[in-house]
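Written out below as structure tokens is the structure these notes cover.
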Amino acid sequence: MTTHTDVTKDLARSLNSQRGNRKNFIGPITFELFCRIEVLYAVLALVIVVQIAATSGGYAAWFNVVGLVMVVHATLLMFYGLRKNFSPSLMRPASLLTASAYLLWPLALSPGQSPYSWIWALALYGMLTPLTLYSSVGLVLHIVGFAGLYTASLIVAHLLTDTPLQGDLMSLYLGYLIGSCVLLAGFIGLIINSAHDADTLYNETLGAQLRMYRTRDLSNQLQEFDKLVHDNVMAALLDASRQQGPLAERTKRLAERALGVLDEESAKTQFELPLTFQGLTEQVAEGVSPWNSRLRFSDIEARQAYPPADAESVIPSPAARAFVHAVTEAVSNSARHSGTRTTHINLLTEYRRPFRESRSAEPRSFIICTVTDRGAGFQMKDIDIRRMGVRVSMMHSMKEAGGEVRVESAPGRGTKVTVQWPGEE
């Protein structure tokens with residue numbers, strides 16, 4: 001009987017440990033929102049560039065470089081947003097570009113030219129960085145910083161252009177900047193918080209679903225076990241009740257059969273029976289079933305470089321249990337942390353020599369599962385030691401079982417987890 005009770009137990013606990021941890025949390029709903037924000041800010045950048053072009057001739061030609069850089073940044077934002085990819089590193093240039101434009105603006109003005117123009121709207125563009133990467137404190141600091149830079153830019157511009165300082169007009173434009181930034185931060189911030197809440201609810205629901213699977217599997221297992229005990233023991237007792245005198249030979253055989261069934265089911269319950277690769281594939285499919293709506297199964301037989309292994313090749317039960325656990329946890333981590341709505345999973349077998357052994361080594365049967373996403377990614381060195389899913393639960397368990405887990409990831413470039421048995425060594 002195939003079950004994923006033990007596999008999901010640690011997953012449910014891991015999901016529950018994420019409650020309340022909102023720092024740098026990007027779930028699938030938040031990720032989708034950030035992709036749309038990328039598109040929105042790409043359009044905003046292009047509008048500002050149009051304003052630059054509309055006032056051409058009123059400032060030095062070299063300031064057009066700012067517009068060119070914004071077009072490049074807007075193109076990247078639009079590209080990533082439409083492709084449903086979110087890169088935190090792509091958000092940072094917005095605030096840097098805004099600050100640079102405020103510092104350079106006075107130098108680009110001609111003598112006698114008024115410094116009051118569209119330049120204040122660059123603060124809205126710069127708000128992309130704190131809205132997607134920082135907390136509410138970061139938002140406030142950016143608004144104050146942009147307001148301070150804009151004020152300094154206007155004062156310096158008046159000095160360099162030899163124009164009289166207009167306090168009322170300066171206050172008006174500064175009010176435009178601060179008010180617009182506050183309204184934008186409040187509106188988009190509220191939407192982002194709602195998305196975070198929805199993702200948290202998604203995690204909690206997923207954890208409850210995993211606990212439900214665990215309870216259901218355990219209940220079904222106990223019911224089947226009780227039925228076997230009942231049928232065999234009752235048959236033996238019923239046969240014995242029909243005999244006269246000493247216990248008949250048939251009753252002995254039935255009793256021995258009942259004990260044999262009990263021993264066999266106890267062994268199954270403890271996952272001590274080896275599995276074939278086909279049976280392991282079925283357990284993996286059942287283990288990842290809670291995420292079927294996001295999984296994409298790829299057929300890679302056409303690209304397979306080695307002949308497939310025999311489907312009846314066997315894997316020891318501890319290794320099978322570690323393999324299923326590693327694959328399930330990799331899919332769970334992708335669902336919870338990647339921020340994407342899609343996870344790709346490939347499962348294949350190979351019959352070949354281990355890569356790290358000599359050519360004289362005998363060919364062996366390998367089973368390999370790859371879990372891939374194009375999400376936020378991470379650095380292994382940045383993982384909290386308290387999060388033992390990747391470092392211990394996956395890698396260490398597979399290594400002890402004779403297999404291996406390889407994790408390839410980088411911030412903004414997604415994650416690829418390869419679970420393999422046996423290992424190459």
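Treat the numbers as computed from the prediction; the structure is a model and nothing was measured. Along the sequence shown, residues carry numbers from 1.
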Which heavy-atom pair separates [X] from [Y] by the least distance, and what is that distance?
X: Ala101; Y: Val66; result: CB-CG1, 4.2 Å
X: Ile315; Y: Ala320; result: CD1-N, 3.8 Å
X: Ser95; Y: Thr129; result: N-OG1, 3.2 Å
X: Ser409; Y: Gly377; result: OG-CA, 3.3 Å
X: Leu139; Y: Pro130; result: CD2-CB, 3.7 Å
X: Met398; Y: Ala326; result: CG-CB, 4.1 Å

> Given Ser338 and Arg294, is the side-chain contact (heavy atoms from CB on, under 4.5 Å) satisfied, shown in steps?
Replying inline: CA-CA 12 Å; Ser338 70; Arg294 68 176 285 116; 3.7 Å; yes
Output the distance between atom [atom1] ([X]) and atom [atom2] ([Y]), rounded to the nearest 0.5 Å.
X: Ile367; Y: Gln278; atom1: CD1; atom2: CD; answer: 9.0 Å
X: Leu40; Y: Cys35; atom1: CG; atom2: SG; answer: 13.0 Å
X: Ile188; Y: Leu33; atom1: CD1; atom2: CG; answer: 8.0 Å
X: Asn346; Y: Leu348; atom1: CG; atom2: CG; answer: 7.5 Å
X: Ile178; Y: Tyr150; atom1: CD1; atom2: OH; answer: 11.0 Å
X: Ser334; Y: Arg374; atom1: OG; atom2: CZ; answer: 12.0 Å

> Checking ring pair (Phe, Tyr, Trp, His ring centres under 6.0 Å) for the pair Trp421/Phe323: CA distance, chi angles, key distance, verdict?
Replying inline: CA-CA 8 Å; Trp421 187 91; Phe323 192 98; 8.6 Å; no
> Do the ring planes of Tyr125 and His73 sit parallel (below 30°), tilted (30 to 60°) or perpendicular (above 60°)?
Replying inline: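 The rings of Tyr125 and His73 stand perpendicular, inter-plane angle above 60°.
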> Which of parallel (below 30°), tilted (30 to 60°) and perpendicular (above 60°) describes Phe146 and Tyr102?
Replying inline: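 Rings of Phe146 and Tyr102: perpendicular, over 60°.
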Side-chain touch [X]/[Y], heavy atoms, less than 4.5 angstrom:
X: Val39; Y: Tyr80; answer: no
X: Val417; Y: Arg406; answer: no
X: Thr372; Y: Thr343; answer: no
X: Glu350; Y: Ile368; answer: yes
X: Thr370; Y: Lys416; answer: yes
X: Ser365; Y: Thr349; answer: no
X: Leu77; Y: Leu128; answer: yes
X: Ile37; Y: Leu131; answer: no

> Where do Thr132 and Met91 land on the side-chain contact (heavy atoms from CB on, under 4.5 Å) test, with the steps shown first?
Replying inline: CA-CA 7 Å; Thr132 54; Met91 305 297 109; 3.3 Å; yes
> Asp373 and Thr340: side-chain donor and acceptor closer than 3.5 Å?
Replying inline: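 Short answer, no.
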Check: [Y] main-chain N/O paired with [X] side-chain donor or acceptor under 3.5 Å:
X: Glu32; Y: Phe34; answer: no
X: Ser180; Y: Leu177; answer: no
X: Thr281; Y: Phe277; answer: yes
X: Thr328; Y: Val288; answer: no
X: Ser153; Y: Leu149; answer: no
X: His325; Y: Arg321; answer: no
X: Asn333; Y: Ala330; answer: no
X: Tyr41; Y: Leu124; answer: yes

>> Quick check on Tyr176: does its OH atom have over 12 non-hydrogen neighbours (other residues, nucleotides or ligands) under 6.0 Å away?
In response: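 Not more than 12 within 6.0 Å, no.
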> Around Arg352, counting heavy atoms of other residues, nucleotides and ligands shown, do more than 12 lie under 6.0 Å from its CZ?
Replying inline: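 Yes, CZ of Arg352 has more than 12 neighbouring heavy atoms, counting only those of other groups under 6.0 Å.
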> Between Ser89 and Arg92, is a side-chain contact (heavy atoms from CB on, under 4.5 Å) present by the stated rule, with each step listed?
Replying inline: CA-CA 6 Å; Ser89 59; Arg92 294 186 175 91; 4.2 Å; yes
>> So that I can tick it off, tell me whether Glu404 and Lys399 are bridged by a salt bridge, with the cut-off set at under 4.0 angstrom between side-chain N and carboxylate O.
In response: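 Salt bridge: no.
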> Just checking, Arg364 and Tyr351: is the charged tip under 6.0 Å from the six-membered ring centre and within 45° of the axis?
Replying inline: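 Pair Arg364/Tyr351 does not count as cation-pi.
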>> For Val49 and Leu68: C-alpha separation, side-chain torsions, deciding distance, then whether side-chain contact (heavy atoms from CB on, under 4.5 Å) applies.
In response: CA-CA 8 Å; Val49 169; Leu68 179 61; over 6 Å; no
> Do Trp105 and Trp62 have ring centroids that are under 6.0 Å from one another?
Replying inline: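 Centroid separation for Trp62 and Trp105: 6.0 Å or greater.
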